[in-house]
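Here's the structure we're looking at; comments come further down.
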Amino acid sequence: MNTPMSDSVGGATLKEAPSTFNLVMSVVLLAVLPALVYYMWIAATQYDGALPLPTTKEEWLRLWSHVPAPTWTAVGIFAGWYAFQGLLQIYAPGPWVDGSQLADGSRLKYKMNGWFSWWFTWAAIAALVFRKGVSLEAIKDAGEFVYAQFGPVLTTIQIFTFLFALYLYFYGKWKPAGERQTGYAMYDYWLGTALNPRIGNFDLKLFCEARPGLISWVAINLFLAAKQYQLHGMITTPMILVCVFHFWYIADYYYHEEAILTTWDIRHENFGWMLCWGDLVWVPFTYTLQAFYLLNHTHDLPGWATAGIVALNFAGYYIFRSVNIQKHRFRTNPEGLIWGKKPEYIRTARGTLLLTSGWWGVARHLNYLGDLMMGLAWCLPTGFDHPLPYFYITYFTILLVHREMRDNKMCAKRYGADWDAYTAKVKWRILPGIY
Ligand code: NDP
């Protein structure tokens, strides 16, 4: 699983100063993105999914009045959740695995205990929800509680990420390890000053990318389904589809957890506000928009539409998963067979191998295509009455197209003529025959 926001502002290898555009955008986005999360949540919960467009002072004030303040309960939920996930990261059983080679030739070790932690978390949530006995009432109460706390917890975590990013900023400044820093304080705050900030063996980037945000995204969905049951006495097919798709996506992530170690975010992206806020705020609080929308939109779906959406999701999943795992396996064992044959590859001057057979010989980013197919399947159950629940696929398409361009630029810089040879051989970027 990668973080969404890691692509919002171009930020290739930054030995040089950032462009004025990137500088300005980073400051603008620091203000706009947190507001956007509130806006969409308020639209989904207070305006029935319509996008409010205030024109008068009163309308602006009404919109603003829905921005919740943090509460002590919210702070308790936040602290309890993060501490619980942190303890699992430290103590849950799982193998220690070598990460990719760093610039100095060394490798960091990562504890891969996500699969255990994922299921343990569900057991703990179930124990908490049913602490007074297993009943439908307990499910409804849990849904109501989480729905009511969502806003204050959102504000609490927004504040936390701004403070935590400050810590990350100084972490790299105080412990410079030859990592990318521009010297522009705001920009370094935005993009981070260190690649792998750690407290002892505890990897802050991997933890934030992979634990509290991801699991809470799926948990919030399920609690919203419970809330729908409380409100309407049923859980609709669209709600079930969204919950199952997201649950599957994240369960699959943990099952293949090691694959994150060869992704861009872990290998190349500094850990600053952008990644941290993306992991902890953007993912859980906007990827749940479809479930929020469906809460009070209780339409059903015809059987053919359900079947089509399910097929789209799992076809996308198959492409996404097999492409990512193929690269990961190739990078960890370059001699392993690809589609039953010896792999073909380019050995770059840097020593890295670029796979040119299998999925990676068809297009350079078929993993993005699979992800986009799933993203569309997550939005379609919401119907076509409002654009809001399609925010995910719209933003995600822009993100991945931009990310592909950025990756291409970085790889061209990193690999020079070897990259030219690769792109001459593998022409398509994301969608063979079209792009
Ligand atoms: P990739 O995992 O595709 O990684 C790109 C990197 O792989 C390149 O920078 C290069 O790095 C290496 N590479 C490129 N071509 C080859 C090749 N032919 N053979 C071997 N290595 C190659 O990209 P991402 O990290 O962007 O995405 C990983 C997954 O995460 C994707 O499925 C994406 O859809 C998903 N994602 C999900 C998001 C979400 O919010 N749901 C957000 C962003 C991504 P190097 O050579 O230096 O190793």
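Both counts, for ligands and for their atoms, begin at 1 and track the order of listing.
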Has [X] got any heavy atom lying under 4.0 angstrom from an atom of ligand 1?
| X | result |
| --- | --- |
| Tyr345 | no |
| His268 | yes |
| Arg403 | yes |
| Glu404 | no |
| Thr348 | no |

| How many angstroms lie between atom CG of Leu88 and atom CZ of Phe116, to the nearest 0.5 angstrom? | 7.5 Å
| task | Report the distance from atom CE of Met25 to atom OG of Ser19, rounding to the nearest 0.5 Å. | result | 10.5 Å
Determine whether the side chain, the backbone, both or neither of [X] has a heavy atom under 4.0 Å from any heavy atom of ligand 1.
| X | answer |
| --- | --- |
| Tyr253 | neither |
| Tyr287 | side chain |
| Asn324 | side chain |
| Phe320 | side chain |
| Phe330 | neither |
| Asp371 | side chain |
| Arg267 | side chain |

| Salt-bridge contact Asp265-Arg403 (side-chain N to carboxylate O under 4.0 Å) | yes
| request: Decide, yes or no, whether a salt bridge links Asp407 with Arg364 under the criterion of side-chain N to carboxylate O below 4.0 Å. | output: no
Considering both backbone and side-chain atoms of [X], is one of its nitrogen or oxygen atoms within less than 3.5 Å of a nitrogen or oxygen in ligand 1?
| X | answer |
| --- | --- |
| Asp407 | yes |
| Trp419 | no |
| Trp360 | no |
| Asp265 | no |
| Tyr395 | no |

| query | Of the choices Thr263, Leu399, Asn367, which has the non-hydrogen atom that lies closest to atom 31 (C) of ligand 1? | reply |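 Selected option, by shortest heavy-atom distance: Asn367.
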| said: Out of Arg331, Lys425, His365, Arg406, who is nearest to atom 22 (C) of ligand 1 when you count heavy atoms only? | reply: Arg331
Mind checking whether [X] and [Y] have parallel, tilted or perpendicular rings, split at 30° and 60°?
| X | Y | value |
| --- | --- | --- |
| Phe314 | Tyr317 | perpendicular |
| His365 | Trp360 | perpendicular |
| Phe247 | Trp118 | tilted |
| Trp277 | Trp282 | tilted |

Taking 4.0 angstrom as the limit and counting only heavy atoms of [X], give me the atoms of ligand 1 inside it, by number and element.
| X | result |
| --- | --- |
| Phe396 | 37 (C), 38 (C), 39 (C), 40 (O), 41 (N), 42 (C) |
| Tyr249 | 41 (N) |
| Cys411 | 8 (C), 9 (O), 10 (C) |
| Leu353 | 20 (C) |
| Trp264 | 25 (O) |
| Tyr415 | 45 (P), 46 (O), 47 (O) |

| field | Any side-chain donor near an acceptor of the partner, Gln85 and Thr121, under 3.5 Å | value | yes
| Does any donor atom in the side chain of His328 or Asn324 lie under 3.5 Å from an acceptor atom in the other side chain? |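 Asn324 and His328 do not have a side-chain donor-acceptor pair below 3.5 Å.
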| query | Ring centres of Phe320 and Trp248 under 6.0 Å apart? | reply | no
| Ring centroid separation Phe396 to Trp378 under 6.0 Å |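 No - the distance between ring centres of Phe396 and Trp378 does not fall below the 6.0 Å cut-off.
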| query | Do you know the tightest heavy-atom contact between Asn113 and Pro93? | reply |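 Scanning both residues, the minimum pair turns out to be CB-O, 3.0 Å.
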| said: Given 3.5 Å as the limit, does a donor-acceptor pair link the side chain of Thr288 with the main chain of Trp217, or not? | reply: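 Not confirmed, Thr288 side chain does not pair with Trp217 backbone.
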| Lys/Arg cation over aromatic Phe271: Lys205, 6.0 Å, 45° cone |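 Here Lys205 fails the 6.0 Å and 45° test against Phe271.
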